[in-house]
Amino acid sequence: MLPDRHPDMAVLGRADSVALDPHKWLYAPLEAGCALVRDEVAMRAAFSYHPDYYKFKDESDDRVANMVDFGPQNSRGFRALKVWLSLKQAGRRGYESMIREDIALAKRLYDAAIAHPLLQAFDCNLSIATFRYLPDDLDVDADGAETYLNALNEELLTRLQAGGEAFVSNAVIAGAYVLRACVVNFRTTNADVDAVPEIVIRLGAAVDAELRPDALKS
Ligand SMILES: *Cc1c(COP(=O)(O)O)cnc(C)c1O
């Protein structure tokens, strides 16, 4: 969708099938999963199953796409309705601007993490920024420092999630436990993102004061 998309995304166009969650970056309410397939006939051949008690009057009528033939689920609710309605309401351009904005917000948070002396930025890709709390008086080369940083950030994340001010998840990058902020809400603003470093630092300092082993105190 976006001309400045990550080059890795281009290979999606060569896939035979793509599974995605409209409840992620298509902003649908939970839950909506979706499979896009290139070859409808192969899909039907894989899943269509008609025991004696499961016959439809005119199976040769291909004007009707009976979804039972395209997956393991028989009875299903009309989850597609909410996805379709959003597509109609926002349109391609609406999605472009919402997704572009989410990417810019993640970049904004990543840049803030780079600039902040108590945060260590790791990576920024699509609308995900990863970083961790790094106390400035900790000798990162000391024995046990990395293990301690992992424990510190893990506990920080638990408190962050429980505290209700912000919700980020985690990732592990080359052994480092990091906070992973993923922006997939069109209501997220610059102010929301700008609030995150201060919250993380406040909680990080509190956890650090409680957990730091004596051997790592300066
Ligand atoms: C969303 C997500 C899941 C969970 O998938 P659901 O279809 O929402 O249950 C698992 N792993 C990753 C990386 C995800 O982004």
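Since the structure is predicted, the reported quantities are computational estimates derived from the model, not experimental observations. Counting starts at 1 for both ligands and their atoms, following the listed order.
Under the salt bridge (Lys or Arg N to Asp or Glu O under 4.0 Å) criterion, E198 pairs with R202, not counting sequence neighbours. With sequence neighbours left out, the side-chain hydrogen bond (donor to acceptor under 3.5 Å, both in side chains) criterion links K24 to no other residue.
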Working for side-chain hydrogen bond (donor to acceptor under 3.5 Å, both in side chains), residues N150 and T147: CA-CA 5 Å; N150 285 353; T147 307; over 6 Å; no
Report every pair formed by an N or O atom of ligand 1 and a protein N or O atom separated by less than 3.5 Å, giving atom names and the distance to 0.1 Å.
unit_1, atom_1, unit_2, atom_2, d
ligand 1, 7 (O), D21, OD1, 3.4
ligand 1, 7 (O), D21, OD2, 2.7
ligand 1, 8 (O), D21, OD2, 3.2
ligand 1, 8 (O), H23, NE2, 2.7
ligand 1, 15 (O), K24, NZ, 2.7

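Criterion: ILVMFWY side-chain heavy atoms under 4.5 Å apart, direct or through other members. Under it, V37 and W84 are not part of a common hydrophobic cluster.
Within the structure, side chain to side chain donor-acceptor pair (under 3.5 Å) contacts touching residues 168-178 (residues at least two apart or in different chains) are S169-R180.
With no hydrogens or angles considered, no side-chain donor-acceptor pair links N125 and Y110 at under 3.5 Å.
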